[in-house]
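These notes concern the structure reproduced below.
Scope of the values below: all heavy atoms of this structure, side chains included, with no hydrogens, waters or symmetry mates. In listed order, ligands and their atoms are each counted from 1.
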Amino acid sequence: MESMKKYLIKGGKPLRGEVKVSGAKNAALPAISATLLAKGTYRLKNVPRVRDVFVMLSILEYLGAKWEFEKDILKIDTSGIFKTEVPYELAHQMRASILFLGALAGGMGEGRVPMPGGCAIGKRPVDFHLKGLSLLGAEVILDHGDLVIKAPKLKGATLILDFPSVTTTENLLMASVVSEGETVIKNAAREPEVVFLGEMLKKMGAEIKGLGEDTIYIKGKKRLKSVEIEIIPDRIEAGTFMVIPGLFEEGEIIVKNIPVHYLETPIQKLVEIGLKIEKVDKETLKIKRVGALKSTKIFTSPFPGFPTDLQPQFAVLLTQAEGISIITENLFENRFLYVFELNRMGADIKVENRTAIIRGPTSLEGSPVKATDLRAGAALVLAGLCAKNTTTIYNVELIERGYENLIDKLKNLGAEITLESKK
Ligand code: EPZ
């Protein structure tokens, strides 16, 4: 159903100024579910106020927890948790609700979580999650579309993932830290958000080694405790902003609170394409464009490879590069839906299976377009900033799932962008 909220962007004007990156959505979501592993009061700093976070908090509240934002600290009290069934009307809005499966198994010994549906970018199955949790001794059945897990006693095991799946690794970390004995997770995801969850669990008393590598060792503990922790900056939001200077002849912006060490591959790619990147200090970069952009090839892969969540944004940048660029999407089977919308704006992109062939440079023209998923929506915002005249983007709720204060941040860079929501 077409949403009533839309962005209007008058593009073509070079942006300049400073933007500060918020906390990482994909670190905040597992952190919120992990509060089920030990009853008590948690304080999470730097949590981005985005839709997905509020959906996750609504689920926690439904289960009996209390939460509130006190200035920029999110306080969560899980001492009152008494339910273990995640409601469909909340869970179906967000695939990350699958994180409650591992957290409920570990924290409450049982749970019922609606099977997360697929989404625009792919089927998004959860077979790896179920296989790993079963190997830890949980019994998982599918009952009328809900995943029902019983885990009165979790026992450590050696788990080998078919693919370094991010939320699978996170679910298995949350279940194994309170299992009896040792667990080894092989072919584990190495994303910074997975490492962040592991560090939070260690602060809660878990014993974990090998975070950030492909094999993680866990020694189960009987009890964990509630903690305070600061959410890491959002590398995908940072990467999205770093593309902006490349959209204009004389573009230049400063990005603050940037997790440079999580962005080595995208930064190398930006330099290859021809952007100049200057380190202002250890968390601030100045990015500018001088002269023509060069075409390149991008292959998405698990961390530390090029992140799939920046693929649509870099495709927009490559529409402004001279020559033929090739993007190969290796994680999701349907992550080029935004191409149809970009071509409406004058881009010249052909998609063959998991490959997009981009011919540039093409001048983009403002048009009505629609966001098909979170990062595709972000890409359309970038295209609107670059395009001449006005671009109208529909379905902007999808963008608000993962970008905090996006309109204000872009206005501070000089963008002409407004939100329209017809009642
Ligand atoms: C996480 O999703 C992120 N979401 C995604 O970000 C991100 O695109 C993705 O990791 C890859 O980096 C969160 O962290 C909340 P996967 P996740 O399991 O964990 C297949 C965004 O924009 N697979 O690593 O669901 C799967 O189909 C979102 O913020 C199975 O086959 O991704 C995919 O092809 C979009 N069976 C591949 O693994 C399973 O049981 C990688 O998926 C699980 C996954």
Side-chain angles (χ1 to χ4, degrees), residues 22-34 48 50-53 55-56 59 91 93-103 113 115-135 140 142 147 159-174 185 187-197 214 231-232 234-240 262 265-266 300-313 328-335 337-338 354 371-379 398-404:
S22 298
K25 160 180 92 83
N26 290 349
L29 300 182
I32 291 169
S33 60
V50 294
R51 255 164 54 95
D52 277 10
V53 162
V55 172
M56 210 74 175
I59 293 173
Q93 298 178 43
M94 184 188 59
R95 284 190 36 75
S97 49
I98 191 71
L99 288 166
F100 282 106
L101 202 62
V113 178
M115 182 77 157
C119 67
I121 62 178
K123 267 191 337 302
R124 315 287 299 270
V126 291
D127 50 325
F128 302 163
H129 297 250
L130 307 185
K131 188 157 67 171
L133 290 167
S134 308
L135 284 171
V140 194
L142 187 60
L147 292 165
L159 313 170
I160 304 174
L161 301 192
D162 297 79
F163 187 88
S165 157
V166 171
T167 47
T168 300
T169 306
E170 290 166 348
N171 256 337
L172 297 179
L173 275 174
M174 288 191 283
I185 305 176
N187 198 20
R190 302 166 54 188
E191 272 71 5
E193 295 76 25
V194 176
V195 173
F196 166 78
L197 174 67
D214 59 9
I231 303 291
I232 56 173
D234 192 320
R235 62 193 168 101
I236 303 302
E237 183 194 17
T240 304
Y262 300 154
T265 313
T300 63
S301 59
F303 194 88
F306 190 93
T308 173
D309 290 349
L310 281 178
Q311 175 262 95
Q313 299 90 315
T328 306
E329 171 53 61
N330 294 308
L331 275 92
F332 292 112
E333 63 269 29
N334 196 25
R335 198 162 204 175
L337 288 175
Y338 63 87
R354 292 195 175 211
T372 48
D373 62 86
L374 165 57
R375 306 301 173 184
L398 288 174
I399 303 170
E400 293 172 343
R401 291 183 55 182
Y403 287 89
E404 186 182 48

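- Looking only at protein heavy atoms, the nearest one to atom 38 (O) of ligand 1 is Phe163 CD2, 3.8 Å.
- Note that CZ of Arg95 and CD1 of Ile121 are 8.0 Å apart. Values are rounded to the nearest 0.5 Å.
- Looking at Met56 against ligand 1, nothing comes within 4.0 Å, counting heavy atoms.
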Open item on the list: Assess the residue pair Val166 and Asn26 against the criterion (side-chain contact (heavy atoms from CB on, under 4.5 Å)); give the C-alpha distance rounded to whole Å, side-chain angles, the decisive distance to 0.1 Å, and a yes or no.
Closed with: CA-CA 10 Å; Val166 171; Asn26 290 349; over 6 Å; no
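- Ligand 1 lies less than 4.0 angstrom from a heavy atom belonging to Lys25.
- Closest protein heavy atom to atom 26 (C) of ligand 1: Phe332 CE2, 4.2 Å.
- Atoms CG and CG, from Leu101 and Leu130 in turn, are 6.5 Å apart once rounded to the nearest 0.5 Å.
- In terms of protein heavy-atom proximity, atom 7 (C) of ligand 1 is closest to Asp309 OD2, 3.4 Å.
- Residue nearest to atom 34 (O) of ligand 1, selected from Thr300, Leu331, Asp162: Leu331 (by heavy-atom distance).
- Side chains of Arg51 and Tyr403: a donor-acceptor N/O pair is absent below 3.5 angstrom, by distance only.
- Using a 4.0 Å cut-off between heavy atoms, Asp127 contacts ligand 1 through both its backbone and its side chain.
- In this structure, the side chain of Thr167 does not engage the main chain of Glu170 through any donor-acceptor pair within 3.5 Å.
- The closest approach between any non-hydrogen atom of Met94 and ligand 1 is not below 4.0 Å.
- Both the backbone and the side chain of Val166 come within 4.0 Å of ligand 1, judged by heavy-atom distances.
- Atom CD1 in Ile98 sits 5.0 Å away from atom CG in Leu147 (nearest 0.5 Å).
- Panel note: side chain Arg375, backbone Gln313; no donor-acceptor pair is recorded below 3.5 Å.
- By the 4.0 Å N-to-carboxylate-O rule, Asp309 lies close enough to Arg335 to be salt-bridged with it.
- Not close to ligand 1: Glu193, with no non-hydrogen atom less than 4.0 angstrom away.
- With a 4.0 Å heavy-atom cut-off, ligand 1 is reached by the backbone of His129 and by its side chain too.
- In this structure, atom 40 (O) of ligand 1 lies nearest to the protein heavy atom Phe128 N, 2.8 Å.
- The closest approach between a heavy atom of Gly402 and any atom of ligand 1 is not below 4.0 Å.
- In this structure, atom 27 (O) of ligand 1 lies nearest to the protein heavy atom Pro125 CD, 3.4 Å.
- Under 4.0 Å from ligand 1, the heavy atoms of Arg95 that appear belong solely to its side chain.
- The closest donor-acceptor contact from the side chain of Ser97 to the backbone of Met94 lies under 3.5 Å.
- Nearest protein heavy-atom contact of atom 3 (C) of ligand 1 is Asn26 ND2, 3.8 Å.
- For Glu193 and Arg235, the salt-bridge test passes: some basic side-chain N is under 4.0 Å from an acidic carboxylate O.
- Of the listed residues (Leu398, Thr167, Asp52), the one carrying the non-hydrogen atom nearest atom 17 (P) of ligand 1 is Thr167.
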